[in-house]
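All remarks here apply to the structure that follows.
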Amino acid sequence: NGSKLPENCSYGAKNNIEIALVGDSHASALAIEIGNVAAKLGKGVVRYTKNNCPLISGFNDLGNEMCDQFVEDTLNKIDNDPMLRTIIVVGRYGYYVHEKKFDNGMGGVEGRKRNHVYTINGVEINADIRRRQKAILLSFRSTVQKLSYDHPNKKIIVLTPIPEHGWHVPQQLAKRTIYGLAALPNLPISVYQKRNAEVMKVIESFESLSNVTIINAANLLCVDGGCLATKNGTPLYYDDDHVSKSGASLIANSIRAYLK
């Protein structure tokens, strides 16, 4: 569909759309539960998301998914909609920086068919990865900063990266249950921190922006040095890195206080 924004992607109180959820498929996975939370507050949510397209200006990949145009269109929508009071920004930033399928170090490697190659417009797609990483991180920083400066009366909520698990959580849970294998281990939080170290430095810089709130996903999904794949026997993910209804509910409920 090129850069076309999704139609009819609204949730909650559709006659009072005050919230925009923007980002990639990790944002999409949260949409229904954030909509449910917003509905209880009498508010609605519009979703501007596209797979592999975080809210980073000029972002593109070798697959030519027209992310740059999609992001520009999304930002224009925000600029021209005075009813929007809250912007929720979500993305799988660690993947775009490292360009590698996630390996949890315990035998779980995500099942993507191919690795993507990402860059920012103006930096060649075949440039050294460190140069492209730097460009992506700088553009992420400047995109959120500009959004904050341009809309001082809007609340901007930035969710830190959602922990990835490497293996398909429901399938692993079923397999281990059927064959009486050991319980699915938690992901060591050190693996998550290493994967997202550079991204977290950028996100932490947003603390100086008065209208930006940072929600730490690891605080919600990780305990005692490990990031949970399940809770009370229920999968928190529907594959290896996208949260399930249960996982999304945990995150959405933590955001609720900032939607009032």
Side-chain angles (χ1 to χ4, degrees), residues 4-51 53-56 70-71 73-93 140 143-144 146-163 203 206-207 209-221 228 231 234-239 241-260:
K4 187 177 181 181
L5 290 168
E7 297 177 359
N8 301 319
C9 288
S10 58
Y11 309 81
K14 297 185 180 183
N15 62 340
N16 186 32
I17 301 292
E18 292 188 6
I19 303 160
L21 175 62
V22 301
D24 56 17
S25 60
H26 278 205
S28 298
L30 297 172
I32 292 175
E33 292 305 310
I34 289 178
N36 289 340
V37 165
K40 295 175 182 177
L41 301 172
K43 299 181 180 183
V45 181
V46 62
R47 173 172 64 88
Y48 296 132
T49 65
K50 183 176 173 64
N51 290 355
C53 292
L55 191 76
I56 299 177
F70 183 83
V71 171
D73 291 345
T74 297
L75 292 171
N76 285 337
K77 285 282 189 180
I78 293 171
D79 289 343
N80 294 303
D81 189 344
M83 295 300 294
L84 291 178
R85 298 179 58 189
T86 303
I87 315 300
I88 304 173
V89 182
V90 182
R92 191 187 178 192
Y93 309 109
F140 177 35
T143 301
V144 174
K146 186 175 187 302
L147 186 64
S148 171
Y149 297 150
D150 289 350
H151 301 283
N153 296 320
K154 295 187 190 299
K155 291 183 288 186
I156 300 169
I157 298 171
V158 177
L159 183 70
T160 64
I162 292 170
I203 292 178
F206 301 150
E207 293 176 353
L209 303 172
S210 61
N211 60 335
V212 173
T213 296
I214 299 169
I215 302 291
N216 193 314
N219 288 347
L220 304 171
L221 297 169
L228 305 175
K231 186 173 183 179
T234 300
L236 296 177
Y237 294 77
Y238 69 74
D239 58 9
D241 63 273
H242 295 88
V243 288
S244 64
K245 182 181 186 299
S246 296
S249 180
L250 286 175
I251 295 171
N253 285 320
S254 75
I255 291 175
R256 177 174 178 166
Y258 302 98
L259 302 181
K260 297 179 180 179

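Values reported hereafter were calculated over all heavy atoms of this structure, with side chains retained and with hydrogens, waters and symmetry mates removed.
Counting only distance, with no hydrogens or angles, the side chain of Y11 and the backbone of A38 share no donor-acceptor pair below 3.5 Å. Within the 3.5 Å criterion, the main-chain N or O of F70 finds a donor-acceptor partner in the side chain of T74. No donor-acceptor distance shorter than 3.5 angstrom exists from the side chain of T49 to the backbone of A27, with no hydrogens or angles considered.
Residues passing the salt bridge (charged side-chain N to carboxylate O under 4.0 Å, His left out) test with K146, sequence neighbours excluded: D150. The side-chain hydrogen bond (donor to acceptor under 3.5 Å, both in side chains) check on N16 picks up E18, with sequence neighbours excluded. Every residue two or more places apart in sequence or in another chain that forms a side-chain hydrogen bond (donor to acceptor under 3.5 Å, both in side chains) with S249 is listed here: N253. Judged as a side chain to side chain contact (heavy atoms under 4.5 Å, CB included), and not counting sequence neighbours, the contacts of K155 are T86. Remark: K231 pairs with no residue by the salt bridge (charged side-chain N to carboxylate O under 4.0 Å, His left out) rule, at least two apart or across chains. Listed by chain and residue number, R92 satisfy the salt bridge (charged side-chain N to carboxylate O under 4.0 Å, His left out) test with D241 (two or more places apart in sequence, or in another chain).
Below 30°, between 30° and 60°, or above 60°: for F140 and Y93 the angle between ring planes is below 30°, a parallel geometry.
When all heavy atoms of K154 and D81 are compared, the pair lying nearest together is NZ-O, 3.4 Å. Taking every heavy atom of both residues into account, I17 and S10 meet most closely at CD1-CB, 4.0 Å. Residues G35 and V45 approach most closely at CA-CG2, 4.1 Å, considering heavy atoms. Of all heavy-atom pairs spanning A29 and V243, the tightest one is CB-O, 3.9 Å. S254 and L220 make their closest contact through OG-CD1, 3.2 Å (heavy atoms, listed as atom of the first residue, atom of the second, distance). Summarising the geometry of A217 relative to P163, their closest heavy-atom pair is CB-CD, 4.4 Å, with the distance given to 0.1 Å.
For the atom pair T213 OG1 and I156 CD1, the distance stands at 9.5 Å (nearest 0.5 Å). The line from CD1 of I19 to CZ of R85 is 9.5 Å long, rounded to the nearest 0.5 Å. To the nearest 0.5 Å, the span separating SG on C53 from CG on D24 amounts to 8.0 Å. To the nearest 0.5 Å, the span separating CG on L250 from CG on N219 amounts to 12.5 Å.
Side-chain contact between R256 and L41: present, with at least one pair of heavy atoms (C-beta onward) separated by less than 4.5 Å. Side-chain contact between I88 and L30: absent, with no pair of heavy atoms (C-beta onward) separated by less than 4.5 Å. Using a 4.5 Å heavy-atom cutoff, the side chains of I215 and Y258 are in contact. Residues H151 and D79 have side chains in contact (heavy-atom distance under 4.5 Å, counting atoms from C-beta outward). Contact of the Y237 side chain with the L221 side chain is registered, since non-hydrogen atoms from C-beta on lie closer than 4.5 Å. Residues L147 and V212 fail the side-chain proximity criterion, which asks for heavy atoms closer than 4.5 Å. Annotation: side chain of L55 is in contact with side chain of L75 (closest heavy-atom distance under 4.5 Å).
Tested against N216, the residues L159, I203, T160 include a single side-chain contact (heavy atoms from CB on, under 4.5 Å) partner, T160.
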Could you please spell out the steps behind the side chain to side chain contact (heavy atoms under 4.5 Å, CB included) verdict for V22 and I78? CA-CA 10 Å; V22 301; I78 293 171; 4.2 Å; yes
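Open room surrounds CD1 on I32; 12 or fewer heavy atoms of other groups in view lie less than 6.0 Å from it.
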